[in-house]
*Asks:* 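First, the structure itself, so that you have it in front of you.
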Amino acid sequence: MALSLLVPLLPLLSTLVVLAGDRGRLQQSARYGAIPLAVAFVGAAACLWVVATRGAYVVRFYDPAAIANVALPMGFEFDRLSTVMMVLISGVATLIFHYSIRYMYQEPGYVRFLALIGLTAFTLLCMVASVNLVMLFVFWQILSYLLSLLAHNLGHSPTREGARRTFWFLRFGDAAFLLGIVLAHSLYGTIEFSELFRRAATHLATVGILPGLSIGGPTAVTLLLLVGAMSKSAQFPLHVWLPRFLYAPTPVTALLHAGIINAAGFLINRLAPLYQLSPTTLHVAFVVGAITTFFGASTMLTQNDIKNTLGFSTIGQMGYMVMECGLGAFALAVFHLIAHGLFKASMFLDCGNVIHKARQEPAIPPRAFQDVEFHKLSWATGFFTTLLMPLVILLVAHGALRIPLLNSQGAVIFLFFIWVTTTQALLTLTRLRAVASWKVSGAMLLTLLVVVFTYLFAAERFTAFLYPDPATVEGFFGAAALPGPLFDLLVGATAVLILLGWIYVYAGSRGKRVRLPGFAQALGRQLYVLFLDHLYVEVCYAKLARCCARIALWLRPGAIERWP
Amino acid sequence: MTLRAIVVLTALCAVLAGAGRRGWKGALAVLLVAGTGLVALELPPARAGVAEGIACAILVPLFPLHGLYRRALTRLPAHLAAVVAVVLPVVGFHELASFAQGFPPLMARILAALAIAGMVLSASRAFVKPEPAAAVADASLAFYAISWWFLSTGRAPWASTMTFTLAVGLATCGLLLVQSPLQGRTGALLEQAPADLAPQTPRRAVMLWLLVVAALGLPPFGVYSGLVGMLLGPHFTWSAAVFAVAFAWLGASWLLFDLGQDGLFGSGRARRPCDLAPLELLSLGVILVLLLALGIAPSGFLTP
């Protein structure tokens, strides 16, 4: 078990190898630096196997009953959640480090950059293996600082501005996180996870907000911690640092999108028993996640460069993940963050190639779909599969997997997720022109089966792996349940919206135009401009900051206004 | 006697510094502190308490008397300002400890309110761009206001508050020192945002980076340990004023991050950047070791 400690510590060795390496042979020392990271990945996989077969274990360097230094209580917890995260982080960090050895070669900050990647991997691994709230906060805030350092690209001023913005917003989240820990300790007198969950469940504590108005202790604590998670996972309206972060070198962006930005999903899962005690916070998380998803996905559609598109796609996906947590599907959020992390890392690492190839193509705009003859079979298969899909999923879920959809709100909304994502894939296939239509139709049906079974089966198995006790999972879903009529209304309205949306989209892909009233067209144009400008959130922040600056200058003159 | 000796010494330093044209305001500030301290020592006990309280509020800067400390840090020559930054607050805090236990409730409330005002005022400076020494001064003022709040409300163990105050003083001293050689060699360069100094002056870059990390309140240094020790101490009870503490911490972090960023990755170009000399490196190394020691020492290490 003591050997497990090497997993979080090995990336630190990578940093030291790079820093101590011969400056004349940078690439060689960088290659040596990748070895400890790769060993950490193997070690993390071994830890996962040990935990899955023999159970969780904890290594503490302090006595919880008498902590000598309350600010640095170090210990590592190896359970299913932490080891799964460790495998993901060490794996992605190894790949990105290896990729960067050549990609960043001859950059002015080559050594600094590789050393910081090792340090970030170390911080991330320690963070996910934290045994108490304070240690989690220690590495949480170090990560904020490292992230802003990684974003710096020497001599490039937009990168500097992006790094500053990143630190400002992440630090805001850190402050909320700190307040959450202080409140938790003040109410329950402990920083240990298991003890905190036990005391929060048994001890009815309240926090007064205004005279005569108070909220439950778990709600206050989890709301503050949620703000911390929102900043790290770029949730609306704390997302504004992420688009500017895209100026950072590509491998850093890949690491951010694959391993760091998922912090909210991890945090909520780590504190799941505490979140379970507060339906209010879960509902807030659901609303925040839903808004972020809508905002991220809509803004993504209006962007005109690949990195921004991927960045807003990540914001949307993170909203999705937080929304899953808000629905009580905690394990599913972890499944989502792993899948998204791997997918998005590969996308970012490949986007340089895409840009390179795009520059080599002749600058002729692609022909519009209206000019192209479409395949009726492909179109009909896509359209009817899209409409019939909920029924298929319902039958599969009820008959094959015996998931009680009618009793579980989270599962019903999960069905919507499957529906929307699968139809997106089908629509993409509908647009294929150069392939025989029967092949496209076959691919559609195959895609349907693969996606539905992956979602239902893999997610179900993963949930059982992460939370082996079904009562725990039911408890999460129960805590997150919305009031019945509201839920029915949401389901009905969303279903109608999705259907109308798909009819419009499929008609468009067939070359037909659905006639919209004038006000709807004008609204569409206005919305396009709004999302193109990111809903002017950044402008609002700038105005707020300028206002604060004026007050600060009025209180004590004698400085330059930062936002002239 | 300790207070008297230190007050006389700082007064002497101030007079020497006052010979310079730029430093007279800073020297005046330190002289005021010295004068108040001396008056406190000479007055009969009944009145000495008030004068000593005022002296302490200047030594450990408290709103509305904190302008003197700020002026001392920004106007005095950098090395003297660095000494002032660590000596005055520590001496003041040491003196405060003798009568902090017995604050009458009304006095405690007034002091807490002044501390909150100081936190908000100093932290709000993050929204403007002060010159480097002023940014360091504003950040430390926000931190000292936190110390005052905990001291007046009695919500933190004395040892944690002392750790925090001492660490803030050391970090402030280090940040002023790390900038002084560059300022001395290249004139008013820092006011023009020096740049890309990280690759050109690697030793200075590492020292500045570590000192900013320590001053920001990141682990494992003393500022972090002191703050968390106060917030998670056995006497702590939740109050809405904790939001002001968080705001002060946040504002100070923003100020210090910007300072570090300008120092390492700024936009202009230094004409003849010069790295730290070995002795300068050693002195900053000692400060960092002390900050680290404060950070990892057991919580009750400074208990009298």
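To find a chain, count down the sequence lines: A is the first, B the second, and so on, and within it residues start at 1.
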*Asks:* Chain A heavy atoms under 4.5 Å from B:Thr237: which part of the residue, side chain, backbone, both or neither?
*Replies:*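 The answer is the backbone of B:Thr237.
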*Asks:* About how many Å separate CH2 of B:Trp249 and CG of A:Leu179, when rounded to the nearest 0.5 Å?
*Replies:*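 With rounding to 0.5 Å, CG (A:Leu179) is 9.0 Å from CH2 (B:Trp249).
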*Asks:* Determine the minimum heavy-atom distance between A:Ile142 and B:Pro219, stating which atoms define it.
*Replies:* CD1-CG, 3.9 Å
*Asks:* If the plane angle is over 60° it's perpendicular, under 30° parallel, otherwise tilted; pick one for B:Trp209 and A:Tyr145.
*Replies:* parallel
*Asks:* Measuring from atom CZ of A:Phe137 to atom CG of B:Leu232, what distance do you get when rounded to the nearest 0.5 angstrom?
*Replies:* 9.5 Å
*Asks:* Please flag which part of A:Ile191 lies under 4.5 Å from any non-hydrogen atom of chain B: side chain, backbone, both or neither.
*Replies:* side chain
*Asks:* Between A:Ala552 and B:Ser124, which heavy-atom pair has the shortest distance, and what is it?
*Replies:* CB-O, 3.3 Å
*Asks:* Below 4.5 Å, heavy atoms only, C-beta onward: do B:Gln261 and A:Phe167 meet side chain to side chain?
*Replies:* no
*Asks:* Would the number of heavy atoms belonging to other residues, nucleotides or ligands and lying under 6.0 Å from CG of A:Leu204 be above 12?
*Replies:* no
*Asks:* What class does the angle between the rings of A:Trp168 and B:Phe127 fall in, given that below 30° is parallel, 30 to 60° is tilted and above 60° is perpendicular?
*Replies:* perpendicular
*Asks:* Considering non-hydrogen atoms only, spot the tightest contact between B:Gly295 and A:Leu72 and give its length.
*Replies:* O-CD1, 3.6 Å
*Asks:* Side chain, backbone, both or neither: which part of A:Ala176 has a heavy atom under 4.5 Å from chain B?
*Replies:* neither
*Asks:* Examine whether an atom of A:Val134 lies under 4.5 Å from a heavy atom of chain B, and if so say whether it belongs to the side chain, the backbone or both; otherwise answer neither.
*Replies:*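 When you check distances to chain B, atoms from both the backbone and side chain of A:Val134 fall under 4.5 Å.
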*Asks:* Does A:Phe172 CZ have over 12 foreign heavy atoms under 6.0 Å away?
*Replies:*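 No, the 6.0 Å shell around CZ holds no more than 12 heavy atoms from other groups.
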*Asks:* Closest heavy-atom contact between B:Leu218 and A:Arg171?
*Replies:*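 Heavy-atom minimum between the residues: CD2-NH1, 3.8 Å.
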*Asks:* Are there over 12 heavy-atom neighbours, none belonging to B:Arg109, within less than 6.0 Å of that residue's CZ?
*Replies:*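 Result for CZ/B:Arg109: open.
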*Asks:* Mind ranking B:Leu227, B:Leu216, B:Val213 by heavy-atom pairs under 4.5 Å with chain A and telling me who comes out on top?
*Replies:* B:Leu216
*Asks:* What are the two closest heavy atoms between A:Arg164 and B:Asp258, and how far apart are they?
*Replies:*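 Smallest interatomic distance, heavy atoms only, reads CD-OD1, 3.2 Å.
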*Asks:* Against chain A, work out which of B:Ala240, B:Gly217, B:Gly260 has the most heavy-atom pairs shorter than 4.5 Å and name it.
*Replies:* B:Gly217
*Asks:* Checking heavy atoms, do the side chain of A:Leu149, its backbone, both or neither come under 4.5 Å from chain B?
*Replies:* side chain
*Asks:* Could you pull out the closest heavy-atom pair between B:Gly233 and A:His185, with the gap in Å?
*Replies:* O-CE1, 4.4 Å
*Asks:* Where does B:Trp238 contact chain A at under 4.5 Å (heavy atoms): side chain, backbone, both or neither?
*Replies:* both
